[in-house]
Each structure stands twice: as structure tokens, then as C-alpha cells.
Amino acid sequence: MGEVGQDARYGITNVMSMAGPTAAELQLTTALEELLRRHNLYEDEGEMRKRVQVLGKLNALAREFVKRASLTKPGFNEAKAITAGAKIFTFGSYRLGVHATGADIDTLLVAPRHIDRADFFVHMVDILREQPEVRELDPVPTAYVPIIKFEMDGIPIDLLFARLAMDSIPEDLQIEERHLKDIDEPTVRSLNGTRVASAILSLVPNVHNFRTTLRCIKLWAKKRGIYSNALGFLGGVAWALLTARVCQLYPNACPATLLARFFRVYVHWKTGDVTRGSNAQPVPVVLCHITEGTLNLGLKVWNPKKYPREKYDLMPVITPCYPCMNSTFNMAWTNLQVLKAEFKRGLDVATLVESGQERWEALFEQDDFFGRYHNFVVVETSALSEDEHRRWEATVESKLRHLIKKLEVLHHLQGAHPYSKPIPFPFSGHSEGVWSSAFYLGLIIKVDEGVPSRTIDLNFAAKEFTDMLFEWSQYKEASMTVQLTHVRRADLPEHVRPKRARTKRKRSPGADGPEAKEARTTVLARAGAGAAADGALQAKGGGGPERSGRTGLLSAHADLEPATVEALPPLTVHLAEDDL
């Protein structure tokens with residue numbers, strides 16, 4: 001695509017610059033593309049062809065599934081079942097054209113009205129199981145978004161399901177607003193994945209430059225630990241929308257310039273701060289005007305004037321097609337502060353790169369999360385089977401933002417910064433028969449002068465959080481545990497401790513004395529803290545973990561004496577001099 005003319009307009013505002021790239025900027029773009037290749041973010045022609053072939057096979061299997069399921073329904077014969085039809089749509093990074101080598105393909109199977117999700121998890125699973133090229137078949141019907149995961153010819157596939165209020169699905173179907181009629185909200189969300197991706201590509205002035213820039217942004221966000229929608233940062237859709245908006249503002253810029261302007265734009269973007277007593281209202285990031293739709297379907301559209309709760313969205317990033325939704329509704333105040341700091345760092349590094357004082361590699365340095373903080377809250381999850389642990393871990397992850405928001409308001413704390421993904425324990429799933437992982441929150445301590453107490457009580461926040469988890473409909477008290485503990489950096493497990501702390505570990509006075517050893521042993525006996533605890537849980541046959549009203553923790557200490565249980569230390573942080 002050539003340069004955009006002076007009279008062109010993208011988005012809802014005028015462009016910020018129509019300037020095209022200079023020779024120096026094109027050279028920086030070449031360096032960026034070489035860096036992306038070194039990170040295997042471009043697949044070769046062979047893998048591209050294989051993906052196309054796999055999607056063709058999957059589309060044929062989808063039609064076979066609908067035919068087979070239709071024949072179990074009243075009034076369907078062979079001919080009618082064949083014409084019922086089905087179609088596979090893609091969304092996510094593959095649909096946007098920014099997938100990396102070995103990445104999975106997000107797919108959606110669209111079926112007619114007489115096929116339901118139960119059919120999907122019976123007949124489609126059976127059909128996939130019959131295919132010799134399908135491996136690692138993993139249907140998860142109880143997930144928040146029910147899904148079938150598998151590999152076909154070595155390509156990982158995530159397959160969702162949606163049914164439309166149509167008697168049959170034509171091969172040339174394109175999902176439009178009218179197809180959202182008479183379907184439930186989860187199906188609307190599923191359908192919007194592919195609609196949003198298509199809309200983004202239609203709203204940027206240069207698709208190639210957008211894709212290259214988005215590849216850079218995704219790599220940067222993952223390296224800096226801020227790529228996670230569930231934990232309150234931004235997911236793939238939100239990062240794509242932010243990138244697309246910058247492309248609209250600089251329609252003729254090359255990827256190197258767009259990357260630098262990305263940080264400049266969002267360092268100065270007006271965000272909300274209502275959780276800290278300010279009345280500042282954020283400016284939403286939008287690619288086009290928010291619409292209420294044309295068919296009066298009555299679906300909920302993001303509108304802080306109509307829905308007061310949405311006034312508290314800190315950095316709303318709005319999807320571009322009806323029903324327009326905020327893709328960052330999970331964001332907490334801490335998340336926003338971390339993002340702002342990363343935008344600022346990105347701008348500083350990009351400025352140095354543009355002036356020739358730095359290389360692009362500096363922008364993509366791995367974040368030293370565990371070296372950044374002195375104190376952590378560790379949220380450990382354990383279960384007695386791999387499937388249960390996957391679902392339990394996902395549930396804890398989906399609720400963790402509530403714990404973050406509860407910690408943010410505590411005295412002496414400025415916030416709780418979540419690590420971007422759960423970390424499995426080295427022994428997880430091995431001979432102990434217990435699957436365990438942990439989420440880490442880095443505590444951001446306030447520097448309070450003249451305050452005599454340096455103790456932070458986290459127990460009430462922990463209890464409210466665990467009580468919320470216990471209300472999950474699929475929670476199994478006999479086999480699922482969660483534990484919250486406070487850990488200092490020097491006491492982090494070996495598999496996460498910063499390298500500099502591994503070589504020279506600071507020990508506090510008496511750390512190896514009998515009292516410290518007893519305290520560590522007591523913690524070890526609690527849920528998932530180590531192999532000994534897991535062994536005890538297994539030996540009990542999953543015998544019921546107990547809730548400790550004093551600590552607000554779920555702990556597998558049914559095998560301990562009541563006096564020992566009562567002596568379990570509360571979740572309290574005692575600050576040392578180097579914490580301040």
C-alpha cells in the first residue's frame with residue numbers, strides 16, 4: 001500500500017502526522033524486522049501452507065460433525081443433514097496475521113440452531129479422536145469458555161463453538177450484526193472475536209506496517225511481563241487496538257516510527273484515577289465511533305453515562321464493532337501504574353534508539369520481576385489431578401484481580417504487582433500425585449515517614465479472596481487447595497529466585513535456628529507448600545482441607561493437632577529497613 005494522501009482520515013480524530021519514513025527510519029525498521037526473525041516471530045512458507053491445509057481439513061470435519069449430530073435429531077434424513085452445514089472461523093493472532101512459529105490457531109466452529117454445545121463435546125470429540133493426524137486431544141467442557149484443544153499435523157488448535165439462529169450455515173457466511181439476534185451472551189463474545197479482528201484490519205491505513213508494529217508490541221509486552229488480560233494487564237485484543245490507533249494517527253509512518261510513537265502516545269494518554277480519590281475521567285481508546293447498532297438488538301454497549309460502574313474503568317480500550325466492549329475491564333490501579341512505568345521506559349529507550357545511542361535489543365530486555373521487589377504474596381494452588389488443577393488454577397487466576405484491588409487499599413501498600421503467569425512447582429505432577437503452581441504478587445510498599453508501625457495485616461483481604469474462591473460451583477474441598485503466604489525475596493524458591501540472589505543469599509540473624517526451622521516446617525505442612533505437605537494430602541486420600549478463620553487461608557492441615565493449627569502464623573508482613 002502506498003502513502004496515504006493529505007485528505008485521508010482514519011479513526012475519529014485528525015491524524016497527528018502525514019510524514020512518510022526517512023532513510024534512517026527505514027534502516028531502523030530493517031533492524032527491527034531482523035530482531036523479530038531472531039525471535040522466530042515469522043513462520044516459513046512451509047508452515048504457512050500447512051496451516052492453510054489444516055484449516056481446510058478442520059472445516060471439512062466441522063461439516064461432518066454437523067451432519068453426524070443432525071442425524072440424531074428428529075426430522076433429519078441424510079440429505080437434510082448434509083445441507084445443514086458448518087464453517088470454521090479464525091480469530092486472535094492468526095486472523096490478524098501476527099502469529100509466531102509454532103503458535104496455536106484460535107478457531108470458532110459455527111453451527112446451525114439445532115446443534116448444541118453438548119453435541120460439540122460428544123460428536124466433534126469423537127470425530128477428532130478418529131483422525132490419525134490429531135494428537136493431544138483435550139476437551140474442556142467445564143471451562144469458563146468451553147474449548148477443545150488438540151494438535152492436527154503438528155499445529156496446535158484451540159476450537160470454540162457457537163450456534164446461530166439459522167437453519168443452515170452457508171459456505172460463504174460472513175458474520176454480521178444480524179447474526180447476533182436470538183443468541184446468548186457467551187455466543188456473542190465468541191462471534192465477536194473474529195468480527196473484531198476483521199474490523200481492526202479494515203480500520204488501519206497500512207496492514208503490513210500494523211502487523212510488523214504489533215509483532216514488536218506483543219514481544220515487548222511479554223518480555224516486560226504485562227501481557228495478561230486475566231491478571232489485569234492487556235491481552236492480545238487490547239494490544240492490537242492500541243497499536244491500530246497509533247497507526248491511524250501516523251498513517252504513513254514505518255514500523256520503527258510507529259513503535260516509538262506508540263510509547264509517546266500512551267505515556268501522555270489520559271487515564272482514570274478514581275480509585276485514588278480523583279475525579280479524572282479517562283479518554284477511551286477507540287478506532288471508530290461507538291455505535292448502539294442498527295437492528296435494536298438490545299445488547300449491552302460500553303457507555304459510562306448509562307452504566308455508572310464503567311466510569312471506574314481506568315484505561316478503557318473499546319472494541320470497534322457492535323456490541324462495543326471494554327477489553328481492559330479487568331485492570332486494577334496497580335496494573336495501570338506498572339503500564340505507565342513501562343510506557344515511560346519504552347519511550348526513553350526508543351528515543352535513545354532513534355538518536356543512535358542504543359539498539360532495539362534494549363527495549364526487549366526481560367523484566368526482572370523477582371529482583372524488583374523485597375516482599376511477595378504467594379498464592380499457591382494444588383489439586384489431586386492434572387485436569388482439576390488446570391481448572392482450579394484458571395479459576396484462581398480469574399479472581400486474582402479482586403485480591404489485587406483489596407491489597408491496594410491497605411495502609412502502607414501502594415499496590416500489588418502480579419507476575420504475568422502462574423509458575424508450576426518443579427515436583428508438580430510427579431510421584432507425589434499432586435499438581436501445584438503459584439502466582440506471585442510483588443508488594444509495592446509506601447515510604448511513610450514518622451509512622452511507628454511497619455506491620456501490614458493482609459489477613460482480611462486474604463480471607464475475602466479465599467471465600468470468593470470457595471463459592472466456585474466446581475470447587476472440591478477434598479482435592480483442591482489454595483494457600484496465601486508472605487515471602488521475602490531472599491526466601492523465594494530456587495526456581496524463581498533472581499540469579500544475583502542465588503549466588504549471594506542474605507540470611508537474617510537466627511534464620512537457621514530451631515525456631516526458624518519450626519516455623520518453616522509449620523508452613524510446609526500447609527497446602528501445596530512442598531512435597532511433604534503434598535504427600536500428607538495424598539495419604540489422606542484428599543481428606544478435607546480446613547478453612548482457618550484466623551488466617552483466611554485454605555490449608556491442608558487436617559492431619560495436624562488443633563493446637564498446631566491455631567498456631568499457624570497469620571498473613572502479616574513485618575517490614576525491614578531495606579523494604580522502605
Side-chain angles (χ1 to χ4, degrees), residues 54-73 76 81-95 104-131 134 136-152 155-198 235-237 299 321 323 325 387 390-391 394 398 473-474:
V54 164
L55 288 172
K57 292 179 184 178
L58 186 57
N59 199 63
L61 294 179
R63 296 178 65 83
E64 174 61 25
F65 149 64
V66 170
K67 172 189 168 184
R68 188 178 298 187
S70 296
L71 290 173
T72 67
K73 309 291 183 180
F76 277 87
I82 290 174
T83 60
K87 187 171 181 178
I88 293 292
F89 290 87
T90 60
F91 60 99
S93 61
Y94 182 82
R95 178 67 186 89
D104 59 11
I105 305 179
D106 295 313
T107 58
L108 173 69
L109 191 160
V110 173
R113 71 171 84 237
H114 62 277
I115 305 296
D116 59 28
R117 189 167 279 112
D119 296 320
F120 178 66
F121 282 101
V122 173
H123 300 293
M124 190 62 190
V125 170
D126 287 345
I127 288 173
L128 291 171
R129 192 172 284 124
E130 295 165 4
Q131 310 307 310
V134 171
E136 299 186 18
L137 181 61
D138 183 19
V140 192
T142 56
Y144 176 71
V145 179
I147 189 172
I148 301 176
K149 294 175 173 283
F150 57 96
E151 285 190 5
M152 178 178 283
I155 303 295
I157 303 287
D158 286 354
L159 181 61
L160 306 184
F161 173 82
R163 63 172 176 177
L164 300 184
M166 302 174 65
D167 294 330
S168 63
I169 303 298
E171 293 183 6
D172 61 351
L173 174 70
Q174 297 299 320
I175 300 175
E176 301 171 353
E177 181 183 330
R178 60 191 175 90
H179 295 123
L180 304 181
K181 186 177 181 180
D182 298 329
I183 59 176
D184 57 21
E185 187 173 337
T187 302
V188 171
R189 289 198 299 267
S190 296
L191 294 173
N192 263 5
T194 185
R195 295 178 68 232
V196 167
S198 298
V237 171
L299 298 175
C321 52
M325 304 175 185
D387 178 64
R390 180 180 60 245
R391 291 185 285 116
S398 70
S473 61
Q474 298 177 45

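Position 1 is the first residue of the sequence; numbering continues from there. On a predicted model such as this, the values are computed, not experimentally measured, just so you know.
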- Message: Apply salt bridge (charged side-chain N to carboxylate O under 4.0 Å, His left out) to residues D182 and R113 and explain how you reach the verdict.
- Response: CA-CA 10 Å; D182 298 329; R113 71 171 84 237; over 6 Å; no
- Query: CD of Q474: more than 12 outside heavy atoms within 6.0 angstrom?
  - Reply: yes
- Check ion pair D119-K73 (N to O, under 4.0 angstrom): yes
- Can you tell me how far CZ of R163 sits from CD1 of I115, rounded to the nearest 0.5 angstrom? 9.0 Å
- Message: For P112 versus D167, what's the shortest heavy-atom pair and its separation?
- Response: CB-O, 3.5 Å
- Message: Rounded at 0.5 Å granularity, tell me how far CZ in R68 sits from OG in S70.
- Response: 12.0 Å
- Message: Just verifying a value: how many Å separate I155 CD1 and K57 NZ, rounded to the nearest 0.5 Å?
- Response: 10.5 Å
- Heavy-atom donor-acceptor pair, E64 side chain to A60 backbone, under 3.5 Å: no
- Exceeds 12 heavy-atom contacts within 6.0 angstrom, atom CD of E185: no
- Decide yes or no for R390 and D138: does some side-chain heavy atom of the first lie under 4.5 Å from some side-chain heavy atom of the second? yes
- Message: Over 60° means perpendicular and under 30° means parallel, so tell me whether F65 and F161 are parallel, tilted or perpendicular.
- Response: perpendicular
- Query: Is a side-chain donor or acceptor of T194 paired with a backbone partner of F91 at a separation under 3.5 angstrom?
  - Reply: no
- Do L109 and I148 pass the side chain to side chain contact (heavy atoms under 4.5 Å, CB included) test, and can you show the C-alpha distance, the side-chain angles, and the key distance before you say yes or no? CA-CA 11 Å; L109 191 160; I148 301 176; over 6 Å; no
- With no hydrogens and no angle check, is any side-chain donor or acceptor of S198 less than 3.5 Å from a backbone partner on R195? no
- The complete set of salt bridge (charged side-chain N to carboxylate O under 4.0 Å, His left out) pairs with one or both residues in residues 142-151, sequence neighbours excluded, reads K149-D158
- Item | Nearest-0.5 Å distance that lies between atom CG in L58 and atom CD1 in I105 | 8.5 Å
- Message: Just verifying a value: how many Å separate L191 CG and F89 CZ, rounded to the nearest 0.5 Å?
- Response: 8.5 Å
- Message: So which atom in P170 and which in S168 form the shortest heavy-atom distance, rounded to 0.1 Å?
- Response: CD-O, 3.6 Å
- Shortest non-hydrogen contact from I183 toward A165: CG2-N, 4.2 Å
- Item | pair M325-V196: side-chain heavy atoms closer than 4.5 Å | no
- side chain to side chain contact (heavy atoms under 4.5 Å, CB included) between L108 and S190: does it pass, once the steps are laid out? CA-CA 7 Å; L108 173 69; S190 296; 4.0 Å; yes
- Here the gap from L71 atom CG to I82 atom CD1, rounded to the nearest 0.5 Å, amounts to 8.5 Å
- Item | Identified side chain to side chain contact (heavy atoms under 4.5 Å, CB included) counterpart of F150 within the set L137, V125, D104 | L137
- Item | Intermediate values then yes/no, side chain to side chain contact (heavy atoms under 4.5 Å, CB included), I88 and L159 | CA-CA 9 Å; I88 293 292; L159 181 61; 4.0 Å; yes
- Task: Measure across V66 and A84 and return the closest heavy-atom pair with its distance rounded to 0.1 Å.
- Result: CG1-CB, 3.7 Å
- Task: Look at the side chain of K87 and the backbone N and O of E171, then say whether any donor-acceptor pair between them is shorter than 3.5 Å.
- Result: yes
- Go through R63 and I169 one step at a time and tell me if the side chain to side chain contact (heavy atoms under 4.5 Å, CB included) criterion holds. CA-CA 9 Å; R63 296 178 65 83; I169 303 298; over 6 Å; no
- Query: What's the shortest heavy-atom distance between P323 and L180, and which atoms?
  - Reply: CD-CD1, 3.8 Å
